[in-house]
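What you see is a predicted model, and the numbers here were worked out from it, not measured in a lab. Count residues from 1 along the sequence.
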Amino acid sequence: MNLSNDTVDVLKNFSTINPNLVIESGQKIKTISESKTVMASADIVEDFPEQVGIYDLNEFLSVLNLVESPHIDFKGKFMNVSGGSQFAQQVRYYYSNTEILTTPNKDITMPEIDVAFTLSEDIINKLKQASAVLGHNDLSFIGKDGSIEAVIHDQKDSTANIFMLNVESGNAITQEFNFDFNISNLKLIPGDYFVSLSKNKISHWQNQNFPIEYFVALEQTTKF
């Protein structure tokens, strides 16, 4: 098996959510953060023939970079990563015991959706930039008079600087609300996202350019 660039990008993204990973046989890979606040799932083109436990995902990615044009053969308890045009290169990479790894136990069923909208990649990047510039991790989607505004602020300091960006106008929902996130939980692969929010303090982020989705917990300060 040769991993596509898209799959490697997914693995790199998943390593920011959880440093270890269990890949089940098939064409879907999932991960969940240690805090259980973020779960991600992606469909890939490769079909894994067996379960693979990886304790250090960043180390595994470095192994792939160590070998020129890496090809993977699965051997039950380990994989052989081989390649090289001028010099034959090979790494025997042993699987980790999956019982000590953090993995999703079941799929998340999104409850009734209360608010939904689309966020472009540019808007998401701007919000993350504002968070870095202002030094605030609080992101709120605030609804009022049919408009939805994204706000970067400090929940604990009412005098702290605030960044505001209009996300949507003319929304059919007239009820006032605020859906609150820790922006550091938004470890998303680049792209446009369809965002679904529930008053049950769970959100669904579906990439519009690639078959990957994230479920992200909202903060307890959320109100609807």
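- When the shell of 6.0 Å around CG of N105 is examined, it contains 12 or fewer heavy atoms from other residues, nucleotides or ligands.
- Here the side chain of N200 pairs no donor or acceptor atom with the backbone of I202 at under 3.5 angstrom.
- Enclosure of atom NZ in K36 by more than 12 non-hydrogen atoms of other residues, nucleotides or ligands within 6.0 angstrom is indicated.
- Side-chain contact annotation: Q208 with T118, donor-acceptor N/O pair under 3.5 Å absent.
- Checking side-chain atoms of N209 against main-chain N and O of G191 turns up no donor-acceptor pair under 3.5 Å.
- No path of Ile, Leu, Val, Met, Phe, Trp and Tyr side chains, each step under 4.5 Å between heavy atoms, connects V22 with I29, placing them in separate hydrophobic clusters.
- Within a 6.0 Å radius of CG in D157, other residues, nucleotides and ligands contribute more than 12 heavy atoms.
- Residues P70 and Q89 are not in side-chain contact: their nearest non-hydrogen atoms beyond the backbone lie 4.5 Å or more apart.
- Screening V81, D73, N80 for a side-chain contact (heavy atoms from CB on, under 4.5 Å) involving Q90 leaves a single residue, N80.
- Grouping the Ile, Leu, Val, Met, Phe, Trp and Tyr side chains by contacts below 4.5 angstrom, directly or via other members, places V8 with F48.
- Residue F177 is not grouped with residue V151 when hydrophobic side chains (ILVMFWY) are merged at heavy-atom distances under 4.5 angstrom, including chains of intermediate members.
- For K126, the NZ atom sits in a loose shell: 12 or fewer heavy atoms of surrounding residues, nucleotides or ligands are nearer than 6.0 Å.
- Within 6.0 Å of NZ in K199 there are 12 or fewer heavy atoms belonging to other residues, nucleotides or ligands.
- Annotation: side chain of I44 is not in contact with side chain of D6 (no heavy-atom distance under 4.5 Å).
- A salt bridge is defined here as a Lys NZ or Arg NE, NH1 or NH2 lying under 4.0 Å from an Asp or Glu carboxylate O, and K30 with D107 meets this definition.
- Rounded to the nearest 0.5 angstrom, F181 CZ and S131 OG are separated by 14.0 Å.
- Residues I124 and Y193 have side chains in contact (heavy-atom distance under 4.5 Å, counting atoms from C-beta outward).
- For the residue pair Q27/D43, the side-chain donor-acceptor check at 3.5 Å is not satisfied.
- The two residues I212 and A42 have their closest heavy-atom pair at CG1-CB, 3.7 Å.
- Counting heavy atoms from C-beta outward, D138 and I183 have side chains that stay 4.5 Å or more apart.
- Proximity of N182 to L139: side-chain heavy atoms (C-beta onward) are nowhere separated by under 4.5 Å.
- Defined by atom type and a distance below 3.5 Å, a donor-acceptor pair is present between the side-chain atoms of N2 and H71.
- Using a 4.5 Å heavy-atom threshold, the side chains of T221 and Q155 count as touching.
- V115 and M110 fall into different hydrophobic clusters, where Ile, Leu, Val, Met, Phe, Trp and Tyr side chains are chained together by heavy-atom contacts under 4.5 Å.
- Proximity of Q51 to T98: side-chain heavy atoms (C-beta onward) are separated by under 4.5 Å at one or more points.
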Candidate pair N13 and Y214, rule side-chain hydrogen bond (donor to acceptor under 3.5 Å, both in side chains), full reasoning: CA-CA 11 Å; N13 174 249; Y214 304 81; 2.7 Å; yes
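- The two residues L3 and L11 make their nearest non-hydrogen contact at CD1-CD1, 4.1 Å.
- Checking S120 against D192 by side-chain atom types alone, no donor-acceptor pair falls below 3.5 Å.
- Of the N and O atoms on the side chains of S25 and E50, not one donor lies less than 3.5 Å from an acceptor on the other residue.
- N20 and Y55 form no side-chain donor-acceptor contact under 3.5 Å, judged by distance and modelled atom types alone.
- Looking only at side-chain heavy atoms (C-beta outward), S147 and N166 come within less than 4.5 Å of each other.
- In the displayed structure, K28 atom NZ is contacted under 6.0 Å by more than 12 heavy atoms of other residues, nucleotides or ligands.
- Side-chain atoms of H204 never come within 3.5 Å of backbone atoms of S198 as a donor-acceptor pair (strictly under, hydrogens ignored).
- Side-chain contact of Y93 with E59: a donor-acceptor pair under 3.5 Å is present, judged by distance alone.
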Candidate pair V91 and V67, rule side-chain contact (heavy atoms from CB on, under 4.5 Å), full reasoning: CA-CA 8 Å; V91 177; V67 177; 4.0 Å; yes
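- E34 and T102 form a side-chain donor-acceptor contact under 3.5 Å, judged by distance and modelled atom types alone.
- Shown are F141, W205, F194, F179; of these, the ring pair (Phe, Tyr, Trp, His ring centres under 6.0 Å) with F117 is made only by F141.
- A single hydrophobic cluster is not seen to contain both I17 and L101; linkage of ILVMFWY side chains at heavy-atom distances under 4.5 Å, directly or through other members, places them apart.
- No side-chain N or O of S33 forms a donor-acceptor pair with one of N18 less than 3.5 Å apart.
- With hydrogens and angles left out, the side-chain atoms of N58 and D56 include no donor and acceptor closer than 3.5 Å.
- Residues Q206 and E213 have side chains that never bring a donor and an acceptor to within less than 3.5 angstrom of each other.
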